[in-house]
Each structure stands twice: as C-alpha cells, then as structure tokens.
Amino acid sequence: MSVVFKNTKGWLLDQRSHINKSFQSCLLVKDPGLKQYVQFSLKRKYFDILKPHILAKTFTNLDAPGTVHQESKSNEESSQTRSEDTLHLRVRCKKRKRKHKERNQGEIDSESYHEKVRKIILEGTKSLVEEGFTCDYLYGARVNECHESLDLTTVDSRLADLCEMAKKLPIGNGIEQGSVQTITEDQTSTELDLFECITQNNMDCARLVTLMGEKYLLPPHCSFLLSDISRMQPLVNSNERYDVIVLDPPWENKSVKRSKRYSSLPPSQLKRIPVPELAAQGCLLLTWVTNRQKHLRFVKEELYPHWSVEVLAEWLWVKITNSGEYVFPIDSPHKKPYEILVLGRYCKTKDASSSSPVKDENPLPDHKIIVSVPSTLHSQKPSLADVLEEYVDPEAKCLELFARNLQPGWTSWGNEVIKFQHLSYFNMEETGPDSLT
C-alpha cells in the first residue's frame, strides 16, 4: 500500500512501494513449458530526491514557516554549505536578473491562488512530514551514503512516434469492433496489435513480455491501449463504462516546448476526449492541473461543463525531498512545490446519487493534500488508487487517460502508455526455482 500515513489533512504516500508491490511475483516464460517467477523493483535512484531543486534562501529565510522541516541535526550541519551555495547562486542570478516590469494577469492570478492555499499546504504538510520521520520513511541527509548515480538514458522505445506512424495505416476491425486481446500464460513473445486493440494481462501475477522487440513489465489484471487522441475508438467500442477516470493532460507550457520531452495538447483539444461515452453514471473524474490559473479555470469553467461534470473539490499534491523539504521554495515566484487535482462527478442526468461510485458515508472533502517524494521520471504522478479506497466502491472500474505507466486492476490509455513499464527502469531482486509444466 502506498499510504505511509494519513490524517484529517491528507496522506503521505510512498509511490515506489506502491509500484514494487505489483511486481513481487512476476512470471517469465523462457520457453514453452519452462516458467520462472521472479521479483522486480523500480530502481531506487528514481526517487532519490536528496535536496531541493532550488535553495530556499534564494526566496525566503530558512527559518520562515515556508520550510517543512528545520529540526534535523543533519540539516544544521549542512547549513554553512547551503549558505555558500546560495551566495554563489545569488551572484549568478544577479547577472540574469530581468528588468522590473508590471506583473501580467496570469502572475497576479497565480499569486492570489497561492495565498488561498498556502496555509493549507504549510499546516497539512508539517503534520504529515513529522509522521514521515517518526516511521523512518523520511530521513535527514545521510553522510557517506552511496546512492545510484542518476542516468536517464533509458532505452527510448519512441512510443509516441509509433502512434503517429500507426495513424497512417487504414483502420482495421479492431478499432471498429473494440477488440480485446489477452496475453496468455504460455506466450513468450507477443506479436500483438497494440494500436487497434485493448491489450490485457488477466493473470494474478505480473508478466514480463516482449512487445515490439522491447521487454516490458505488466502488472496483474491490467489493460491498456496504445494510441493518440485520434484513435480512442477501441475504448469506446469496448462498451466498458468506468466509475473512476483520472486524466493527466499534457498541458502546454514553455518548459515542455523548450525541452521537447513530449507533445503538448492545446486545452481546446481536450474537449475531443469522449468522456461521456466512457463514464458510468456518477463517475468520479479527477484531472491533474499545473499551477497556471488559465488551465485551472479552463477545467472548472469549460471542460467539466462540456462533459456534464460537476466540480466537487480541489486537492493539492505537495512534492517534498527525502529529508522532508519542499522540492521548490513554497513562495518561489517561478515554480511551486505543488500541483492541483480537480475532482468532479459526471452527471448525465440531474439525479446521479443512486448510481454514484462515491460512497455516501464518505463524501469527498475539499482541500485535501497528498504529500510524496516525486519521481525523477518526468511528469509521473503518484497513484491515486489507495487514496480513493475510502471514497470509492471496491468494485469500481477505473481508467487513466494520458497514462505513461500501468496500474493493477486499471485500464490505461495514452500514446506512451507503457513507457515507464520498460524493463530498463527496474532491477531484478531475486529469482525462484524454475518450474516445468
């Protein structure tokens, strides 16, 4: 379970443990009749966030309430080094300092929103981080501890490029009929149509399979469709209606445009997603939003009404380091250490209470916070599966849109939907005896 601790403010999550739980037992089929069960774990380096990305003193005093944890002995020992680093940073920043100019409307709106949620973040994060130290999930800077060097030159299977190429192919029966293909227990290498059919692993254990010449780990009871927004028909034609839908749209921003890490999508294009054809009556919809108020207003005032979704609540994901500090200073004028999650309910008819997947005894509260160490893998969000357990029926069918990894028991869609399932992101922990069948 990913929940390390929870209280009335929110949850402290361990995303790496949540991922690893899915691969405690993974089936390898070496040859027909020769099977082996092994254990895999996501490489620790992807969650080694040992210090903030920007020093807090650059924007605010370290003793101000904007820092999460100040009582660690190791933090005191490193204060001199931090001061020296901050001094050098200030010198460099002076050279790049832009001329003073009036703030634009976007900056004014962002500051106004920040002032509304700042106290909620400070109070909620403080209590959850304290518990993180109590249970040894979080820790201060560890002296002389060896960590894996971070090398993100993982094999790139160029899934998005393949999806773009697949668009030029004629539409086949899979798209028209909403076909579903299952990876069988004895398959060693799978030549499957990942672009026109929903692919699923129905086994109680994870699978290591070869897809398009690359090795991927599939969680138990997962389903996925690899396609872009123009070829979502297999999802719609499968006639499945989902009780929970999570969206992580590739929002447009300058950083993404400069880095070219993935293709962004104009907000207006999001309206093309056939949510009403995928959502069950009373479906709980959750959309990740960056800190641009323009995007938040679009979701609440245009996108959700377009889909007949009623806004229920806003939650906040607060990102911290392994030592309990915000990854960015809380009052940074450029990047904030949190993102927004907008929750709503799909209401095709006015009365959605009779079939809503949300438990009546646990109505969704507003302004909850989710605190976790973020992954260094770009744009990977924490799983909401365990967080939603107390609010959603256990038998709820769940779908993630714009996914870049798979979850057990969920259906996932996106043009890079299996990107972070690539074997190169994982270590083999232990092997068991071969079993012949």
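On a predicted model such as this, the values are computed, not experimentally measured, just so you know.
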Next item on the list: Could you walk me through whether Ser332 and Tyr326 pass side chain to side chain donor-acceptor pair (under 3.5 Å), step by step?
Entry: CA-CA 11 Å; Ser332 165; Tyr326 297 114; over 6 Å; no
Notebook entry, point to check: side chain to side chain contact (heavy atoms under 4.5 Å, CB included) between Tyr137 and Val373: does it pass, once the steps are laid out?
Noted result: CA-CA 10 Å; Tyr137 169 62; Val373 177; 3.9 Å; yes
Margin query: Measuring only between side-chain heavy atoms, which start at C-beta, is Leu235 closer than 4.5 Å to Thr411?
Written below: yes
Next item on the list: Could you tell me how the ring of Trp251 sits relative to the ring of His295: parallel (under 30°), tilted (30 to 60°) or perpendicular (over 60°)?
Entry: parallel
Notebook entry, point to check: Are the side chains of Leu278 and Tyr346 in touch, meaning some heavy atoms are under 4.5 Å apart?
Noted result: no
Margin query: side chain to side chain donor-acceptor pair (under 3.5 Å), that's the test. Do Ser110 and Gln293 meet it? Break it down for me.
Written below: CA-CA 6 Å; Ser110 178; Gln293 291 303 297; 5.4 Å; no
Check: Under the 3.5 angstrom rule, does the side chain of Gln200 hit a backbone N or O of Thr182 as a donor-acceptor pair?
Finding: no
Notebook entry, point to check: According to the salt bridge (Lys or Arg N to Asp or Glu O under 4.0 Å) rule, which pairs have a member within residues 364-378, sequence neighbours left out?
Noted result: none
Checklist line | Short side-chain to backbone donor-acceptor contact, His114 and Ile330, under 3.5 Å | finding: yes
Margin query: Applying side chain to side chain contact (heavy atoms under 4.5 Å, CB included) to Leu423 and Phe40, what does each step give before you reach the verdict?
Written below: CA-CA 9 Å; Leu423 182 61; Phe40 288 93; 3.6 Å; yes
Note to self: Given Ile198, which partner from the list Ser179, Ser227, Ser412, Ser238 fulfils the side chain to side chain contact (heavy atoms under 4.5 Å, CB included) test?
What the structure shows: Ser238
Check: Is there a side-chain contact between Trp307 and Ile245, using heavy atoms and a 4.5 Å cut-off?
Finding: no
Next item on the list: Examine distances only and state if a side-chain atom of Gln181 and a backbone atom of Asp193 form a donor-acceptor pair shorter than 3.5 Å.
Entry: yes
Note to self: With a 4.5 Å cut-off on side-chain heavy atoms, are Ile183 and Leu192 touching?
What the structure shows: yes
Checklist line | Note, Phe47 side chain near Asp14 side chain (heavy atom, < 4.5 Å) | finding: no
Next item on the list: Could you tell me whether Arg292 and Glu252 have a side-chain N and a carboxylate O separated by less than 4.0 Å?
Entry: no
Check: Which word best sums up how the rings of Trp413 and Phe402 line up, parallel for under 30°, tilted for 30 to 60°, or perpendicular for over 60°?
Finding: perpendicular
Margin query: Please identify which of these residues, Lys21, Met428, Glu429, meets the side chain to side chain contact (heavy atoms under 4.5 Å, CB included) condition with Ser41.
Written below: Glu429
Margin query: Please check: side-chain N/O of Ser127 versus main-chain N/O of Gly124, any donor-acceptor pairing under 3.5 Å?
Written below: yes
Check: Does a sphere of radius 6.0 Å around CD in Glu395 hold more than 12 heavy atoms from other residues, nucleotides or ligands, not counting ones at 6.0 Å or beyond?
Finding: no
Notebook entry, point to check: Quick one: CD1 on Ile273 to CG on Leu303, what's the gap to the nearest 0.5 Å?
Noted result: 7.5 Å
Next item on the list: Considering non-hydrogen atoms only, spot the tightest contact between Phe298 and Lys271 and give its length.
Entry: CE1-CE, 4.0 Å
Check: For the side chain of Arg231 and the backbone of Phe195, is there at least one donor-acceptor N/O pair under 3.5 Å apart?
Finding: no
Note to self: Taking Asp109 first and then Lys294, would you say they form a salt bridge - that is, a charged N and a carboxylate O separated by under 4.0 Å?
What the structure shows: no
Note to self: Quick check: do Trp11 and Asp386 have side-chain heavy atoms less than 4.5 Å from each other?
What the structure shows: no
Next item on the list: Write down the atom of Gln15, the atom of Ser383, and the distance for their closest heavy-atom approach.
Entry: OE1-N, 2.9 Å
Notebook entry, point to check: So, the side chain of Lys43 versus the backbone of Ser424: is there a donor-acceptor pair under 3.5 Å, distance only?
Noted result: yes
Check: Can you find a heavy atom in the side chain of Trp317 that is under 4.5 Å from one in the side chain of Leu341?
Finding: no
Note to self: Let's go through Lys336 and Tyr113 carefully: what are the C-alpha distance in whole Å and the side-chain angles of both, what is the deciding distance for side chain to side chain contact (heavy atoms under 4.5 Å, CB included) to 0.1 Å, and is it a yes or a no?
What the structure shows: CA-CA 12 Å; Lys336 295 292 192 292; Tyr113 182 85; over 6 Å; no
Notebook entry, point to check: Which atom pair, heavy atoms only, marks the closest approach of Tyr304 to Val311?
Noted result: CD2-CG2, 3.8 Å
Note to self: So, using side chain to side chain contact (heavy atoms under 4.5 Å, CB included) as the criterion, who are the partners of Lys397 when residues are at least two apart?
What the structure shows: Glu240, Tyr242, Asp243
Notebook entry, point to check: Taking C-beta and beyond as the side chain, do Ser379 and Lys381 meet within less than 4.5 Å on heavy atoms?
Noted result: yes
